[in-house]
Structure formats: structure tokens, C-alpha cells
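The structure under discussion appears below in the form of C-alpha cells.
In what follows, residues are counted from 1 in the order of the sequence shown. The analysis underlying the following values was restricted to heavy atoms, covering all of them including side chains, and did not include hydrogens, waters or symmetry mates. Just so it is clear, the model here is predicted, and its values are computed rather than measured.
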Amino acid sequence: MTAVNTALVIGGGIAGPVTAMALRRAGIEATLYEAYDRGAEGVGGTLTIAPNGLAALRAVGAEETVRAVGQAVAHTVVRDGAGRRVGELAGLPDLPPSQAMWRSQLYGAVRDRAQAAGIRTEYGRRLVGVEEHPGGVTARFADGGSASADILVGADGIRSVVRSLIDPAAPGPRHVPLLNFGGLADVAVPAGRQAAYFVFGRRAFLGYWVQPDGRTAWFCNVPHAEPTTSAQARRVPAGEWLRRLRELFAGEEPGQELVRHTSPGNLAALGTVEIMPSVPHWHRGRMVLVGDSVHAPSPSSGQGASLAAESAVQLARCLRDLPAVPAAFDAYVRLRRDRVERVAARASRTNSSKTLGPFAVTMMRLMMPLATRTFLAPERALGPEQRHHLDWDEPVTA
């Protein structure tokens, strides 16, 4: 039986509510503290929840809520910018398909599920400091208030304040030289059922799927050497970004069509891709990290949100079964570090393929039939990540 009864969860985005729900199931009362004075409605681009992420969400009772806002993606079709088919990447037939959605939809689903479970969120509570004391921890907020509990969980994203409090020398996020955009086009381009499409264009990488409402959700990665934060990207008018994207995708299908049918209000400029390098210290004293605050792989992984859900569940299991907080945190890191770092390494290799030139794309088209029978065969390419399943009822040992 856990010696931890209460928790402060810093961060009300996606990892925070899932962590609070997992802790609640483990018998720990958790309260969410969000720095901003409102939720993240309408924020962010597109993402997918993989089968392993759905399994983790099932453990906290949120799988069906998330499925209700998602769109099944059972396979991926690869094309070049001229519209020619390069190949197809199949999913694992005995697992449920991944779910594609907007980040804001995922946020709304887990927030609503957490609220239904009775988990309280306090907005406008920006963490500025922490005081540890025998048997507990007190958080200090910018508004002058404070809150105390047995432990504090940092689910406060890639620029985590909690990470810097655990280890002032901890690394920060690293930029990948790819400028990231998300868009919603008021047009349905030709597409198959339950299919996502990856297009290796001459000057940019494009991904898309057609929504049930007849519009097309899309994202693209554009080579961009200078690190650019999302705030910096938003300072450029959306109309100007669309003008530049029209030039980039000129003569390419369906890129030029998607950009042409995207209004400025339906474009999200997300800045250059950011990832977290390996973080030496995931916890100190009664503070611990989950989600992007400690492991943020490139979006190329298709695993960011899924790994965050897994870590939330694993942390709760460890606290449930190991009464001493240091032992619980040590077990959590032991059970998670290798997995998340393997996913991050694979995603890093994928990033390099998004800047292929015309010759490399031609070679890819020639090699794809062999690749899909060997190293890109579904079991080999997807099995190690998507078959990962956390058994809630299995006891955790130190």
C-alpha cells in the first residue's frame, strides 16, 4: 500500500490530466495546477495516438473518450511530390489502428474525462518555487499562493520549471532544423479509407488525412536552419506563411491544393521542431517528471502523447506498490528510461529522411518493395513500440 496519499501535478495540458487520473486509480488524490488562466482549447497541430497509447489510456478509463474524437489510421501511403506512389506502410493487423486527431481534441478529451472523475484544476497558478520538508513538499506560485502535498509531479512540458528545480543543470529542449506547420484545408483530396499520406516533396515533407467532414487535416516540415520558437513563428502573419508555403509546394500534389484551400485562421505555425535530449535526473526528493518535461521525442515518432500516457500509468503503479518514495521513483525511471530513449533515437533517424533530395526519393521508390518486406515490415518496424502494454494489475517490484 502506498505511503503517498496526495499529489500536486504541475501542468494541465495532456500529460497532467492523464497523470492525475492514474494517481487517482492508485489511491492518490491529485490536483492539477495550470500556469495559464485558461485551458489549451484550439492550441497545437495534429498528432496520433498509437495502439500502445490507447492501451495506457484504457488503464485510466480515457480510451473511449479519446477514440470518440479521433480518426482511425490503419495504414500509411507514401508518395513523392509528383503524386507518384512510393509505397505503403501497413499497421499491425491484430492491434487497433492508431487514432489521428488535433492536439486540442486530445486535450479536450482528457480534460473532460479528468473533470468527470472529480479531479480539480486550478488555473493561473504558475509555479515559481518548491520547498521540501519531512514527509511532503510545498509549491509556491507567482500569485503568492501555495499548496502542499506528499509529492509533486512535473507534467509542465518541454520548458519544464519542475525539471529546472530538480536539476538546475538539466538540459533544455533542442531544436531540429525543421519548421513545423499544421493546417486544415477546406477541400477533400483523393484518399483511401483509414489512410494517412506522407509526401516527400522537392522542398518539404507533407502529411495529411481526409476528415469525415470533407476537409483535409495536414502538417508539413520545412527545412529551416535557424531555431524558431512557436511564439516567434506566430509573430509572422499567417497570410505571409501561406504565401511562402504556396511557393514551396508550387507544382506539387496535393500540397499546392491543400495550401490554396487553407485560410489564415486554419493555419498553425508551430516553430521549429523541439526534442528533449536525455535528461540525467528524472526526480529529486519528492519531485518527479512525466511526459514532455523529461522525454519529448520528435513528432516523427508518432509516439509523444502515447509515451506520456504510458509514463503517467507507470509512475502511478510504482507509487501504488512501493511505499518508499525514492524506491518508487527509482523503479519508475528504471522501467521507462530505456524505452523512451529508444523511441527518441528512432525518431531522430526519421527526421533526416524528411529532407531527402529528388535522387534519394527516386531510390526510395525503387527500394520500397524490398524495404516493406524487411526492415519496414510491420512487425519489425512497429511491433517493439506499439505492442508495449502496461498491466495495471501486475505488481511492481523494486
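Here the side chain of S148 pairs no donor or acceptor atom with the backbone of S146 at under 3.5 angstrom. No donor-acceptor pair under 3.5 Å is formed between the side chain of T48 and the backbone N or O of A50. Side-chain atoms of R103 never come within 3.5 Å of backbone atoms of G45 as a donor-acceptor pair (strictly under, hydrogens ignored). A donor-acceptor pair under 3.5 Å is formed between the side chain of Q256 and the backbone N or O of G251. Under the 3.5 Å distance criterion, the side-chain polar atoms of Q386 are left unmatched by any main-chain donor or acceptor of G383. Of the possible polar contacts, none joining the T216 side chain to the V210 backbone as a donor-acceptor pair under 3.5 Å is found. Side-chain N or O atoms of T19 include one that pairs as donor or acceptor with a backbone N or O of A15 at under 3.5 Å.
Just one of W241, Y208, W218 meets the ring-ring contact (aromatic ring centres under 6.0 Å, His included) condition when paired with F181; it is W241. With respect to D150, the side chain to side chain contact (heavy atoms under 4.5 Å, CB included) criterion is satisfied by exactly one of L319, L8, N5: N5. The only member of Q303, H389, R336 that meets side-chain hydrogen bond (donor to acceptor under 3.5 Å, both in side chains) when paired with E310 is R336.
Every residue was checked against the salt bridge (Lys or Arg N to Asp or Glu O under 4.0 Å) condition with E34, not counting sequence neighbours, and none meets it. Under the salt bridge (Lys or Arg N to Asp or Glu O under 4.0 Å) criterion, R334 pairs with no residue, sequence neighbours left out. Applying the salt bridge (Lys or Arg N to Asp or Glu O under 4.0 Å) test to R234 and every residue at least two apart in sequence or in another chain returns nothing. Listed by chain and number, the residues in a side chain to side chain donor-acceptor pair (under 3.5 Å) with Q99 amount to none (sequence neighbours excluded).
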query = Passes side chain to side chain contact (heavy atoms under 4.5 Å, CB included), C220 versus L245? Steps please.
reply = CA-CA 9 Å; C220 71; L245 291 172; 3.9 Å; yes
message = Test side chain to side chain contact (heavy atoms under 4.5 Å, CB included) on R120 and Y33; report intermediate values, then the result.
response = CA-CA 9 Å; R120 190 175 82 255; Y33 296 88; 4.2 Å; yes
inquiry  = Go through it in stages, so that I can follow the logic: the residues are F141 and V128, the test is side chain to side chain contact (heavy atoms under 4.5 Å, CB included), and I'd like the CA-CA distance, side-chain angles, deciding distance and then a yes or no.
reply    = CA-CA 5 Å; F141 300 104; V128 295; 5.6 Å; no
request  = Walk me through it: do Y197 and R79 pass the test side chain to side chain contact (heavy atoms under 4.5 Å, CB included)?
outcome  = CA-CA 7 Å; Y197 291 78; R79 291 177 172 172; 3.8 Å; yes
message = I'd like to know whether R174 forms a salt bridge (charged side-chain N to carboxylate O under 4.0 Å, His left out) with E274, so could you lay out the CA-CA distance, the side-chain angles of the two residues, the decisive distance to 0.1 Å, and finally the verdict.
response = CA-CA 5 Å; R174 188 171 74 232; E274 291 182 301; over 6 Å; no
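Across every non-hydrogen atom of L54 and P97, the tightest pair is CD1-O, 3.7 Å. Considering every non-hydrogen atom in both G13 and Y107, the closest pair reads O-CD1, 3.3 Å. For S263 against L242, the heavy-atom pair with the smallest separation is C-CD1, 3.9 Å. A pairwise comparison of heavy atoms in P51 and P96 identifies CG-O, 3.1 Å as the closest pair. Closest of all the heavy-atom pairs between V110 and V66 is CG1-CG2, 4.2 Å.
Both I119 and V18 belong to a single network of hydrophobic side chains, linked directly or stepwise wherever heavy atoms of I, L, V, M, F, W or Y lie under 4.5 Å apart. The same ILVMFWY cluster, assembled from side-chain heavy atoms under 4.5 Å apart, contains both I10 and Y123. No path of Ile, Leu, Val, Met, Phe, Trp and Tyr side chains, each step under 4.5 Å between heavy atoms, connects V69 with V73, placing them in separate hydrophobic clusters. Side-chain heavy atoms closer than 4.5 Å link hydrophobic residues (I, L, V, M, F, W, Y) into clusters, and following such links, even through other members, never connects L92 to V343. No continuous path of hydrophobic side-chain contacts links L184 to W209 [ILVMFWY only; heavy atoms under 4.5 Å].
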Under 3.5 Å, sequence neighbours excluded: what are the donor-acceptor pairs made by side chains of residues 391-398?
unit_1, atom_1, unit_2, atom_2, d
D391, OD1, D393, N, 3.0

For a quick test of your reading: what N or O donor-acceptor pairs under 3.5 Å do the side chains of residues 275-284 make, sequence neighbours left out?
unit_1, atom_1, unit_2, atom_2, d
S278, OG, R337, NH1, 3.4
S278, OG, E341, OE2, 2.6
W282, NE1, V279, O, 3.2
H283, NE2, D330, OD1, 3.0
R284, NE, I166, O, 3.0
R284, NH1, E132, OE2, 3.4
R284, NH2, L165, O, 2.8

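Distance check, rounded to the nearest 0.5 Å: CG of L307 to OG of S301 gives 6.5 Å. Atom CG in L106 sits 5.5 Å away from atom CE in M101 (nearest 0.5 Å). Interatomic distance, CZ of R317 versus CG of L23, reported as 13.5 Å (0.5 Å rounding). Distance check: N180 CG to S230 OG gives 10.5 Å after rounding to the nearest 0.5 Å.
Ring-plane geometry between F205 and F219 is classed as tilted, the angle between the planes lying from 30 to 60 degrees on a 0 to 90 degree scale.
Between T262 and N266, the side chains place no donor N or O within less than 3.5 Å of an acceptor N or O (distance only, hydrogens not considered). No donor-acceptor contact under 3.5 angstrom links the side chains of H224 and T272, judged on distance only. In this model, no donor atom of one side chain and acceptor atom of the other lie less than 3.5 Å apart for R235 and Q232. Checking R163 against S293 by side-chain atom types alone, no donor-acceptor pair falls below 3.5 Å.
Using a 4.5 Å heavy-atom threshold, the side chains of L47 and P299 count as separate. The side-chain heavy atoms of D80 and V199, taken from C-beta on, include no pair separated by under 4.5 Å. V325 places a side-chain heavy atom less than 4.5 Å from the side chain of I151. Within the 4.5 Å cutoff, the side chain of V290 has heavy atoms near those of the Y332 side chain. Contact check for R140 versus V130: no side-chain heavy atoms found under the 4.5 Å cut-off. Annotation: side chain of L258 is in contact with side chain of V187 (closest heavy-atom distance under 4.5 Å). The side-chain heavy atoms of R244 and V259, taken from C-beta on, include no pair separated by under 4.5 Å. By the 4.5 Å heavy-atom criterion applied to side chains, L315 and V313 are not counted as neighbours.
Remark: R342 engages D338 in a salt bridge, criterion side-chain N to carboxylate O under 4.0 Å. Taking a cutoff of 4.0 Å between a charged side-chain nitrogen and a carboxylate oxygen, D143 and R126 do not qualify as a salt bridge. Under the 4.0 Å criterion applied to side-chain N and carboxylate O atoms, E257 and R260 are assigned as salt-bridge partners. We find that E29 and R24 are joined by a salt bridge, their nearest charged nitrogen and carboxylate oxygen being less than 4.0 Å apart. Taking 4.0 Å as the cut-off between side-chain N and carboxylate O, R339 and E385 do not count as a salt-bridged pair. No salt bridge links R125 with D37; every basic N to acidic carboxylate O contact stays at or beyond 4.0 Å.
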